[in-house]
Every structure is written in C-alpha cells, then in structure tokens.
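The model shown is predicted, which means the values in this text are computed figures rather than measured ones. Numbered from 1 within each chain, the chains take letters A, B, ... in sequence-line order.
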There are 2 protein chains.
Amino acid sequence: MTATSKRDRILDSAEALFAERGYDGVTLRQIASQAGVDVALANYHFGKKIALFNAVFERRAALLNESRLEALRRVQESAAPAGPTVEQIIEAFLRPLELTQENADPGWRHYLALIAYVNNSTYWGKRMMSKLFDDLVHEFIDALRQALPQASDRDLYWCYHNLSGALTLTFAQTERIDTLSNGQCRSSDFQAAYDHMIPFVAAGFRRVCEPGE
Amino acid sequence: MTATSKRDRILDSAEALFAERGYDGVTLRQIASQAGVDVALANYHFGKKIALFNAVFERRAALLNESRLEALRRVQESAAPAGPTVEQIIEAFLRPLELTQENADPGWRHYLALIAYVNNSTYWGKRMMSKLFDDLVHEFIDALRQALPQASDRDLYWCYHNLSGALTLTFAQTERIDTLSNGQCRSSDFQAAYDHMIPFVAAGFRRVCEPGE
DNA sequence: GGCGGTTTTCAACAAGCGTTGAAACACAGT
DNA sequence: ACTGTGTTTCAACGCTTGTTGAAAACCGCC
C-alpha cells in the first residue's frame, strides 16, 4: 500500500503536503519528516525544491491523460459514425478519475487536489498546466465541436472554462459543500459529484452552443 | 486612484501579492517594499502576518455581500409574486462583480483572485469562507429552491457546487482559457465570462433540478 | 571479506524570515 | 515653544529555511 522506496515516500509526502498547503507552505523538512528520511535526501534524489514539485506534478500526469484519452476513444468507436453525444464526451473526461471507493488510493486524491491548486493559480498554472494537459484538452474540445456543429469556438471554450472550474473545485475537495449542505453532500464523494456534474455541464453546453428555439 | 494612507497602501499591496502567490509565498518585506513603507509598519497596524491576511480578506467582504444581496432583492421585488427565474437569480449572484470596464479597479480584481485562492484551498477555505459568505449563499439557494420547487436539497447543493467552481475559476483570472483558445477568450473579460456562465449554469440547474421529460 | 557505487545521514552554512523595543518623526492643542 | 499622541523608521533578535560537502551505511559482486 504505502510506497517502499524512500524516493517514492518523499514523492508521496510531498504530494500530500503540497496539495494541502501549496508550494511555499511546505518545507523540505516537513516532507522529509513525514517520509521518515533525512532532509538532505530530497536534494540527493531531486535537486532543488522546485524540481521536486515538478516531479510530483508530472509523476501521474501521463497516466491520467492516457486513461482519459482511452475513455474518449472508446465512446468514439462505440458511437461511430455519428459520433458520441455531449454527455458521453463529458463522461469520458470525468469518469476515469472516479476513485470509486471513497477510500481509494489517497495518493490520487492528493494529486487531484494538487492539480486544483496549480490550475487555480496564475503563477503556477502558467508554468505547469499547458505543457502537460493542453493536447488532451484539445482532443476533447475537438470531440465536443463535432457533437455541437453549430457552436462557435469562442462559445465552446467558454463552456469548457465552466466545466474546468466545476471540475477543479471538485478536485480540491475543500469540504465547503459539506458545510453548506449540512452534510447532505460530501466533497469526498467523487461519484456523486460526477453524477450531478455530467448532466449539469452537458445541459450547459447544449444551451450555449446549440441553436436557440 | 492609489490609496493615500500608508495603512491602506499596505492592505493594497498585501491584497495583490497574496492573491498572486498565496499566503506563504509572500513575505512582509515584499509587501512593505511594494507599499513603500518599512517592514515594521505592517506589524504596527495589523499585528501578526496572519492578522494582516484576515484584514485583507475581510475588508471587501461586506461590500460584496451587500451588493449581491441588493441585486437579489431587486429581482425578487420586480418578479413578485411569482418569484424570479433561475437566470435572474444567477445573474444577481454574478453581475454585481462585473467590473465593467476591463481596466476597472485593480484592487477588486486582486480581491476576487484572493477569494479564488481561499475558496479552492481546504486549509484556508475552512478558516475563512463560511464565516463571511455562508449566510449570503443560503439566501441565494433559498431563492433557487423557490424557483425550482421540485428540486431536492442535495441536487440544489451539488448544482451550486458547479456554479461555485465555474465562478471561482473565473475569479482566479489564470489566463488559462486565453492560452487554450489561442486568444479568442480572455479571462480578464468578466462580462464575456458571465454572458456565457449565466445561461450555462441556469440550464444545468434546470436539467438536474427539474422533472425529466 | 574487501571493493565500488549507490543511497542515506550528519553537521553546518549563509540568507531570509517574522517579530520586537526603542528611537525618530509629525503634528495637533495649548 | 512645549507637550502628548499617534505614526513611522531603525536596528537587531532568534529562528527556520534551502542547500551543500563530507562522512557513514548499505549492498551486490568478485
């Protein structure tokens, strides 16, 4: 369950702490302490602190992209030649990350919170998001453009912005919705979040990007 | 235009820097330097660093809440007794913050980015969001409940979560959508963001919270 | 069982941090 | 001109930070 090599334990601890407190809110000594290693070991394996941060952020990115892209290809094949519906595309974008059991791999939960931290920050977002995620996002927007042939690019991108915002806040797992709803919703429950987000977002895309009646 | 008292200049600089780099990413010396004052002055006026952060966050909260609540009351009165539509309620939630000219008061732009930072963080969100914003949010959810009488509370809150996420990412002004859309959308253009967000979100609420056909 | 290379710790560095007490300044009221 | 009060600066404190070079421990291999 827990990583065995000290190098991986450093990555895991850094992932959890960076996600909770941000890059500057965490010290190498905290990371090393939580990983049960000496502070100099982080330097030996990763060099500077910023390089450790990059290593954490890049570690799971490829896997995440593959899993999403595979889900997209699957609905594209199953729906050929008409092409998948908006709902199917959104679902392919969200579901691969479901972590179905609520106690699933905490590493991934921390990683998603870290994505939220980066994506919501001008400073970090500019440095780290585009390189790793732009290609995949454009794949999904292309698919949406096909499903919504009358949509302008501008409308499509603004709709994607709304989707990205809702997803980012879900990734952040802030428990704010838990407080607001007095416990009726739990931000740790990704499945419930996606169950509501998919029809919500799909309806939004249709309303903005399909010809009015 | 620029604040005249040194106390206010400290608040303005802190607001801008905290919004860009987060609480731990900014030093009191940077804040003092940007404000053109000695570092000890921040301590004289606000005490500890965390108290300065709180002062920045609370400074504009009441005004923001009043402006939103007033907008809600206005549509409630103009639409009585039937009650306002979902679109009208969402509009009242968003528009007060439009900052219509794109170069409008940079202080408010920084403040909105700071809200995004706090709302997207578990650590800061738990400490700062509920106390200042829960009452207002519940006012809006009550209004939405009336406009969507068949909705369950759970559905309403999950929909609000989606709205809040889209709005939070807009507040963050990360310029990510600028990059993705190759300049066709600009995240500094709040008016365009809201023009697309209002129908998008309203359609989402209706789809999730109104009886299916 | 000693050797070579990798991994890990130890001990320490200079730099920068938040914070503070006392001194200097500004300036109103008398 | 003097005093008193609220501002602002100065200079320094103790502490933590990221980083580093050298020493120690580990481990497969001859």
Peer 1: Looking at A:Phe93, I'd like to know if the NZ or CZ of A:Arg95 sits under 6.0 Å from its six-membered ring centre while staying within 45 degrees of the ring's axis.
Peer 2: no
Peer 1: Could you walk me through whether A:Glu139 and A:Arg73 satisfy the salt bridge (Lys or Arg N to Asp or Glu O under 4.0 Å) test, starting with their C-alpha distance in whole Å, then the side-chain angles of each, then the deciding distance to 0.1 Å, before giving a yes or no?
Peer 2: CA-CA 10 Å; A:Glu139 283 276 351; A:Arg73 295 288 177 246; 3.0 Å; yes
Peer 1: Nearest whole angstrom, please: distance from the P of C:dG16 to the CG of B:Asp24.
Peer 2: 18 Å
Peer 1: Examine distances only and state if a side-chain atom of B:Asn54 and a backbone atom of B:Ile50 form a donor-acceptor pair shorter than 3.5 Å.
Peer 2: yes
Peer 1: Is there a side-chain contact between B:Phe46 and B:Ile10, using heavy atoms and a 4.5 Å cut-off?
Peer 2: yes
Peer 1: For every nucleotide of nucleotides 8-21 of chain D, 5' to 3': is a protein heavy atom under 4.0 Å from its base (B), only from its sugar-phosphate (S), or from neither (-)?
Peer 2: BBB-B----BBBB-
Peer 1: Is B:Arg59 positioned over the aromatic face of B:Phe57, cation under 6.0 angstrom from the ring centre and no more than 45 degrees off axis?
Peer 2: no
